[in-house]
Novice: 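Input: one structure, supplied below.
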2 protein chains.
Amino acid sequence: MNLQVVAIRDAREAPITLSQPSLSSVFDRQPLERFDAGSAVFWEGDDAAHLFQVTDGMLRAVRLLSDGRRIIVGFLRPGDLLGVSLKERYLYTIEAITPVALRRLSRRRFEEEIRRQPQLRDQLFSRLCDEMTAAQDQTVLLSRRSADEKVANFLLMMSRDEFGNCTRILDIPMTRLDMADYLGMTIETVSRTITKLTNSGIITATGRRSMMVLKMDALRSLADGDNGENWLLPTGSRYATA
Amino acid sequence: MNLQVVAIRDAREAPITLSQPSLSSVFDRQPLERFDAGSAVFWEGDDAAHLFQVTDGMLRAVRLLSDGRRIIVGFLRPGDLLGVSLKERYLYTIEAITPVALRRLSRRRFEEEIRRQPQLRDQLFSRLCDEMTAAQDQTVLLSRRSADEKVANFLLMMSRDEFGNCTRILDIPMTRLDMADYLGMTIETVSRTITKLTNSGIITATGRRSMMVLKMDALRSLADGDNGENWLLPTGSRYATA
DNA sequence: CGGATTCTTGAGAGCTGTCAATCGTTGTGG
DNA sequence: CCACAACGATTGACAGCTCTCAAGAATCCG
């Protein structure tokens, strides 16, 4: 569920034959570059001279508003492409949340490859369309959903690995502030919501930055906004809404 | 500020030479089709068999969530293309707000034209990128801004004509519900906010569905979230925040 | 161990949503 | 031309949710 130009997730469904190069394959020969946690790969406003493919680790795409508000446009994981744009300058800052490994390609060379291989252009185009519908969904999530729904959706997003499979054990490398700035909330509300989910037995903390989903169904129905069935407090049910 | 695949606004900056056909020129020979206000051009889930270019009037792109919530993804004006997608089915319903005139092209023919003229593909690609950054801005607008800021931004959007020029006289053909579902608010809050803007002398109603901007600067600073300078109540200033 | 950072928790206020009543306009039919 | 219904818009009262401000707890790192 990455946003827009932020990250173009490569197709993983179809096995790639040698005669049908994939978008990510153009990065294959590039050397690995490593960035420490907290360091920036590029800054908003920089000359958009390179594209990167994430090989390992997690990053965040950050935008700063004129009034100082900070917005996280998306999180990036292995397989994502970043820096795809037809603009002259990057529209957001990319920062490493964990130590990361990337492969870099100059924009010039990337565009050459795209030009040389029309299939790549089709792939890119198709990926852009997918990203846009994802952006639409994110817009809906942010504008019309409660804190519970937002956090539930976020946890579900984190529960999917890079291949789309669903795991019960979540690795949450980002801080509460990152989550808040991604979901359009404050860190306090994020914290309170997670506490509520924990108290209701839907999730349990297994470490400082990891947790486990105990009731995946409950989490899913929360994420969809099915608030009718009081999921909170199996006994006592102070919050009964029926 | 149209969203994503919803509407692809054609380039208007550069004059188009005959040897450099524009995206919209492929529609030029198509006959005009007219739709009454309130009627639908196509429905969410329909086979995405056609593309349309808006010639006259205003439309809305609507999505319905599983729980019944209604979301307006964008408004469409003359010059906009709609139905652009690589998906099999339309992702939203298009309804005419006013009487509209459209030109229709089958998707097959549109794709043929795109294939035949690589420049068109470039234009389309570039337009998609623009729309995605617009979608990003819309996401920010919805997630992190107050009712005042949302409405101010909406009015500014409506104050721009199809060529990007700014007018003081606004034509607002859509209902409060449309605005509410676009901005992620309720009709009551929309109404209250507009009343507040009117009382503060920033806008004034000139008709049932039209208004005039009296203080464009104030509207702009509101839209940007500059809430520090108490714009409300020129005298009395109950709302002083300094 | 001590400081810095992050996270949690609490109390209170403000904003927006909900419910409900009223007003104004539009359109229809007598 | 007026009465009336239908619809949209406005306004009010109230509740609930989220933010703000603040303090304290937990964790990390030197």
Side-chain angles (χ1 to χ4, degrees), chain A residues 36-38 60 67-70 97-99 141-152 172-199 203-211 222 225 227-228 230 232 238-241, chain B residues 36-38 60 67-70 97-98 141-152 154 172-199 203-211 222 225 227-228 230 232 238-241:
Chain A
D36 292 334
R60 59 177 172 247
D67 59 356
R69 277 178 289 198
R70 174 177 177 270
I97 292 176
T98 65
L141 174 69
L142 288 174
S143 71
R144 302 286 270 189
R145 308 198 100 108
S146 69
D148 294 339
E149 293 174 281
K150 287 180 181 176
V151 171
I172 316 278
M174 62 283 284
T175 67
R176 293 285 184 272
L177 185 60
D178 288 337
M179 294 175 52
D181 287 344
Y182 178 66
L183 296 175
M185 310 164 48
T186 59
I187 55 173
E188 294 95 333
T189 303
V190 170
S191 181
R192 271 186 260 267
T193 305
I194 290 181
T195 300
K196 227 164 63 170
L197 289 174
T198 305
N199 289 340
I203 60 174
T204 186
T206 56
R208 181 117 182 104
R209 289 224 149 75
S210 66
M211 54 181 67
L222 255 186
N227 228 343
N230 55 332
L232 206 44
R238 279 189 298 145
Y239 289 76
T241 53
Chain B
D36 292 333
R60 59 177 172 248
D67 58 357
R69 278 178 288 200
R70 173 178 177 270
I97 293 176
T98 66
L141 173 69
L142 288 173
S143 72
R144 300 289 268 190
R145 306 199 102 109
S146 68
D148 295 339
E149 293 174 281
K150 287 180 182 178
V151 171
F154 174 79
I172 316 278
M174 62 284 285
T175 67
R176 294 284 184 271
L177 184 60
D178 288 337
M179 294 174 53
D181 287 344
Y182 179 65
L183 296 174
M185 310 165 48
T186 59
I187 55 174
E188 292 94 335
T189 303
V190 170
S191 181
R192 272 185 261 266
T193 306
I194 289 181
T195 300
K196 227 164 65 172
L197 289 173
T198 306
N199 288 340
I203 60 173
T204 185
T206 57
R208 182 108 185 109
R209 289 225 149 72
S210 66
M211 53 180 68
L222 255 186
N227 228 342
N230 54 331
L232 207 42
R238 278 189 299 143
Y239 287 74
T241 53

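Every chain is numbered from 1 and lettered A, B, ... according to where its sequence line falls, protein lines coming before strand lines.
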Novice: Rounded to the Å, how far apart are A/Leu183 CG and D/dC19 C1'?
Specialist: 15 Å
Novice: Quick one: do B/Arg70 and B/Asp178 satisfy side chain to side chain contact (heavy atoms under 4.5 Å, CB included)? Show the steps, please.
Specialist: CA-CA 9 Å; B/Arg70 173 178 177 270; B/Asp178 288 337; 2.8 Å; yes
Novice: Is there side-chain contact between B/Met179 and B/Ile172, with heavy atoms separated by less than 4.5 Å?
Specialist: yes
Novice: Indicate whether the side chain of B/Glu188 and that of B/Ser191 have a donor and an acceptor atom separated by less than 3.5 Å.
Specialist: no
Novice: For the pair made of CG in A/Asp181 and P in D/dT18, what is the distance, rounded to whole Å?
Specialist: 17 Å
Novice: Could you tell me, to 10°, how much the axis swings from one end of the helix from C/dC1-D/dG30 to C/dG30-D/dC1 to the other, five pairs per end?
Specialist: 30°
Novice: For the residue pair B/Thr186 and B/Ala180, what are the closest heavy atoms and their distance?
Specialist: C-CB, 3.6 Å
Novice: What is the distance, rounded to the nearest whole Å, between atom CE of B/Met211 and atom C1' of D/dA9?
Specialist: 12 Å
Novice: Looking at every heavy atom in both B/Leu142 and B/Tyr182, which two are closest together, and how far apart are they?
Specialist: CD2-O, 3.6 Å
Novice: Expressed in angstrom and rounded to an integer, what is the separation of B/Ile187 atom CD1 from D/dT10 atom P?
Specialist: 10 Å
Novice: Starting at atom CG of B/Asp178, determine the distance to atom P of D/dC7, rounded to an integer number of angstrom.
Specialist: 16 Å
Novice: Does any part of the side chain of B/Leu197, heavy atoms only, come nearer than 4.5 Å to the side chain of B/Ile203, both counted from C-beta?
Specialist: yes
Novice: Please state how far atom CE in A/Met179 lies from atom P in C/dT6, giving the value in whole angstrom units.
Specialist: 15 Å
Novice: So which atom in B/Met185 and which in B/Ala147 form the shortest heavy-atom distance, rounded to 0.1 Å?
Specialist: CE-CB, 3.6 Å
Novice: Could you run down the sub-3.5 Å N/O contacts of the protein with nucleotides 16-25 of chain C?
Specialist:
{"residue": "C/dT16", "atom": "OP1", "partner": "B/Ala147", "partner atom": "N", "Å": "2.7"}
{"residue": "C/dG17", "atom": "OP2", "partner": "B/Thr186", "partner atom": "OG1", "Å": "3.2"}
{"residue": "C/dG17", "atom": "OP2", "partner": "B/Thr189", "partner atom": "OG1", "Å": "2.5"}
{"residue": "C/dT18", "atom": "O4", "partner": "B/Arg192", "partner atom": "NH2", "Å": "2.9"}
{"residue": "C/dC19", "atom": "N4", "partner": "B/Glu188", "partner atom": "OE2", "Å": "3.0"}

Novice: A/Leu177 has an atom CG; how far is it from atom P of D/dC19, in whole Å?
Specialist: 13 Å
Novice: Would you indicate, yes or no, if C/dC7 has its OP1 or OP2 atom less than 4.0 angstrom from a side-chain nitrogen or oxygen of A/Arg209?
Specialist: yes
Novice: Less than 4.5 Å apart, any side-chain heavy atom of B/Lys150 and any of B/Thr193?
Specialist: no
Novice: Check B/Asp181 with A/Arg144, please: is the shortest side-chain N to carboxylate O separation under 4.0 Å?
Specialist: yes
Novice: For A/Ile194 and C/dT6, give me the distance from atom CD1 to atom P, rounded to whole Å.
Specialist: 16 Å
